[in-house]
Student: 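This is the structure I have questions about; it appears just below.
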Amino acid sequence: MEKVLRFIDPNILASISRMDLRAKTVVEGFLSGLHKSPFKGFSVEFAEYRQYTPGDDPRHIDWKVFARFDRYYVKEFEEETNLNCHLVLDLSNSMNFASNGRTKLTYASYLIASLAYLISKQRDSVGLVTFGDKIENHIPAQLRPGHLQSILLALSNLKTTERTNIGLPLHQIADAIRKKGMIILVSDLLDEPEKIIHAMQHFRFRGHEVIVFHIFDAAEITFPYHNTIKFVGLEGEGDFTTVPRNIRDEYLQKLQTHLAILEKGFGANRIGYTLMDTSKPLDFALQAYLAARTGKI
Amino acid sequence: MHLLNSLFLPIIGAAVLIPVIIHLIWRNKAIRVDFPAMRFLLDSKKPVSRWLRWQQLLLLLMRCLVFALLALMFARPYFSTANLLPIWEQVEKEIVIIFDSSASMQITVHKINARQHLESVLAETSEKSRLTLLLAGRDNKIIIESAQATELTKKLILSKTEPGFGYGNLHSAIRQADNYLNATLNINREIVIISDFQVSNWPRHKREIHLQSKARIRLLRVTGDTGENNTITQIAPPTRPGEDFRAGLDFTPADNTAKLELRLQLAKNTVAQTLVAASINGQKQFAVFKNVPLPLGTQSAGLVFFENDDIFPGDNQFYFVLNQKTRIRVLAINGEKTKGVADELFYLRSALALKNNDFNFSETTPLGTSKMQLRSYDIILLANVRGLDQQSLRQINELVQHGGSVIFAPGDKADIKLFNKFFADLAGCKLLKKAYPEKQTFTGDKLLADDLQHILVQKTFAGQAGTANFYQFWRLKKNDSANRILVFASGYPAVVESTPGNGKSVMLSFPLDSEWSDMPVHTEYLPFVYSLLQYCAPEKHRNPYIFVNDAISLNKSFNLSEDVSITFPDGKVEKKRLLSALFLDTGSPGIYTFSQAGRRQQVAVNIDRRESVMEFENMTAFQAKISTPGEVLAANQLIRAGNFQN
């Protein structure tokens, strides 16, 4: 059972209609596979007493109060967190690409949902920023009941924008998020790598911990095309008819160069960087997050 | 450049279309892919889209070229070297002259013209060449075979080229000439065709010919008179006295008020004549001779003819031989002759007493048969006969051997032992016992068809069960060779047929009176009796007319080991021993009579009516039916001199 839940295929996940259930399935399955609870060591602050009602955890009964009043009272805490996590999602049109029936955006939304669920479950505040060529939606990081639902709802209604300019909106986001925290960027990073790295440096400058999930479709990496293909740019770059085998090597070389620049730039700025293929189970992303959370990156 | 098979010219055009269509349907259409990482593609060093278009165009052109070349290869192009033709005229050649000897060449102008053509061909032919004469008739005959073209040969050819009366088939003649030339050593080959090129001389179902011998062809057409021609196309003689005699006619004169007098001649006497008006709108006409006094019971020859000056008098008469149908002679042997309905033949006698029937009915008793010539009858019916004397039995056996028939209808007088001893072999079955020893009075068995295709079943019951009730009948055991025609509903055979000789033997398991059944008072009795007797009647030999040069098949009765006397249409009589029953020497139209020791057979031979159709081929159309490279060796050079020279 553990194994089954350990790696949940994105295809199976897609068959689950509700976004919250998808996120729950991923996270619960993921957590049940961990040996050490991530919750330990988190601080809480006392808020008030409340009379015990059946069903409350008896651990929370304040025995001193019981000794004094002979009644059961339960301590309630104002939950505090030491982390503000912002999930930043790229809504550029290039995220609409799918070679296996599932777009990069769909995959990214599952990923964000799972992360949001996990973070809120860890009692950390979580927020969502979506952007195209500008900031489209900004849900500030909070930890309150129902906040997760609003994030999931926003994820259920995503619409891509025609063009993207990753650099500018990322700078805007960096300016907008003042409290130090964690920034998780989910994007296909199809822009000038220097611009992207520069924007990421801005986050680091603000003192944020940054993780980048670079979303790729398998077809972009392997370029498995034959015959004559008319490639049409998803972001209005025009079209290009060619026989793929003639330019395959050149394409792959350029792609590798792009990835290498990004990886080097991110590494130099201590930015966590994970390349995610849309066929990969989402657990990998959660693992990468937790690794970053515990300072392993 | 010329094409040997110019037919392939349009095919070349069509062939080029094939790759174009394939290109349009299957062309390498670019598949659209909406791609995100365009930044890595757009500045590619190898923009190939334009090159791709050229590549596809080039591929299309190559494909078109391949198909065009393929079609051109089949069209067999060649370059004519007509300037070498004068040398060709001088070289030694192998020439086959196809001389159309069909009946239409009998037309006077055709005859003269053909002769002139032949003379000019022979005059042009140098002595170095060799000549073959092929007469194109129903069966093509090579008369002179590869003879040096000396004056003697030429004279011989002129003497052998008389037109005949048969049908000409130019297709088969050209085929034969081609095969002949293909086997000769000299490769300078030529076929000369002298004909009127009647459309009907090329059978409709025959296709074009490609000459394997690669010979050149000269078509010499007799420019004949295409004037009026009237034809008797067919005849329909009466099958019984009282019927009209009809003759089909093609009478389309320019003057449509003209009338034609047709005469009917029998045994060299004109017995009837009639006037026929010209055909309007080319409709077929029939001349009708009414009340013709036709001789009964004998074979008689005659002709229908008219006297008219048309261009082809050969088809103005139509010969025929009449086989008058005679009445069927039936002798019934009455085994129970009493008075009234108890008489065995009471009902049958009444049935055959109807007027104008086909039967000549007579009867006798078993004792009376010994004094009679049973072989002079067509059918002997044994009605409830217990037994016969040896002589009568022998006569019945002989009758059946020679095509006559015998019918058994045993009743209560029949004796199982006697029947099985004397009649079983002839009847094709044995009597076992009576099906119902005690006569049933309430209900009986019904007749059912066993052999549905049998003419007797179809004429009498038309696939339905009989309505008559059979209270008693004999149970039969048939031989292996016998055939059940009718059965009873209970499954016992009712009518069994066998063929012990050339004739038939039919066994009924019941008598034809009303003692064992109520059949005589049912509606099926009359058709049953009539069709049974008609079925048993010996088959008359029919002599349909044949065409000139067709083979005459002699009757089986002729003894081929002895001489047969043959009277030809021109009156000439020949006595000779025939090698087979097929007589082939039918070169002239008319009546052929064969006789031998009392046996006589007459056959009418006519000119094939295809020869009367005065439609002639257009020379271009005729040339299109033959393809040949016309290859010749002249001045030590193999050249394609052209297919035809006219």
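Order of the sequence lines fixes the chain letters, A, B, ..., with proteins taken first and strands second; residue numbering starts at 1 for each chain.
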Student: Please test B/R39 against A/K254 for side chain to side chain contact (heavy atoms under 4.5 Å, CB included), starting from the C-alpha separation and ending with a verdict.
Tutor: CA-CA 9 Å; B/R39 59 173 47 251; A/K254 282 180 183 174; over 6 Å; no
Student: What is the distance from atom CZ of B/R32 to atom CD1 of A/I229, rounded to the nearest 0.5 Å?
Tutor: 12.5 Å
Student: Not counting sequence neighbours, which residues clear ring-ring contact (aromatic ring centres under 6.0 Å, His included) with B/Y167? List them please.
Tutor: none
Student: Counting only heavy atoms from other residues, nucleotides and ligands, does the tally under 6.0 Å from NZ of A/K230 exceed 12?
Tutor: no
Student: Go through the steps to decide whether A/I247 and B/F40 satisfy the test side chain to side chain contact (heavy atoms under 4.5 Å, CB included), and finish with yes or no.
Tutor: CA-CA 10 Å; A/I247 58 160; B/F40 308 131; over 6 Å; no
Student: Between A/L255, A/D188, A/N96, which has the largest tally of heavy atom pairs under 4.5 Å with chain B?
Tutor: A/L255
Student: Is there a side chain to side chain contact (heavy atoms under 4.5 Å, CB included) between B/D34 and A/F97? Walk through the geometry before answering.
Tutor: CA-CA 7 Å; B/D34 290 328; A/F97 178 68; 5.5 Å; no
Student: What distance do A/F223 atom CZ and B/L41 atom CG have between them, rounded to the nearest 0.5 Å?
Tutor: 5.0 Å
Student: Which heavy-atom pair separates B/A37 from A/E220 by the least distance, and what is that distance?
Tutor: CB-OE2, 4.0 Å
Student: Around A/H138, counting heavy atoms of other residues, nucleotides and ligands shown, do more than 12 lie under 6.0 Å from its NE2?
Tutor: yes
Student: Within the 4.5 Å heavy-atom criterion, are A/K104 and B/P36 side-chain neighbours or not?
Tutor: yes
Student: Side chain from CB out, backbone as N, CA, C, O: work out which of these in A/F216 comes under 4.5 Å of a heavy atom of chain B, or both, or neither.
Tutor: neither
Student: Assess the residue pair B/F35 and A/L234 against the criterion (side chain to side chain contact (heavy atoms under 4.5 Å, CB included)); give the C-alpha distance rounded to whole Å, side-chain angles, the decisive distance to 0.1 Å, and a yes or no.
Tutor: CA-CA 6 Å; B/F35 197 67; A/L234 277 168; over 6 Å; no
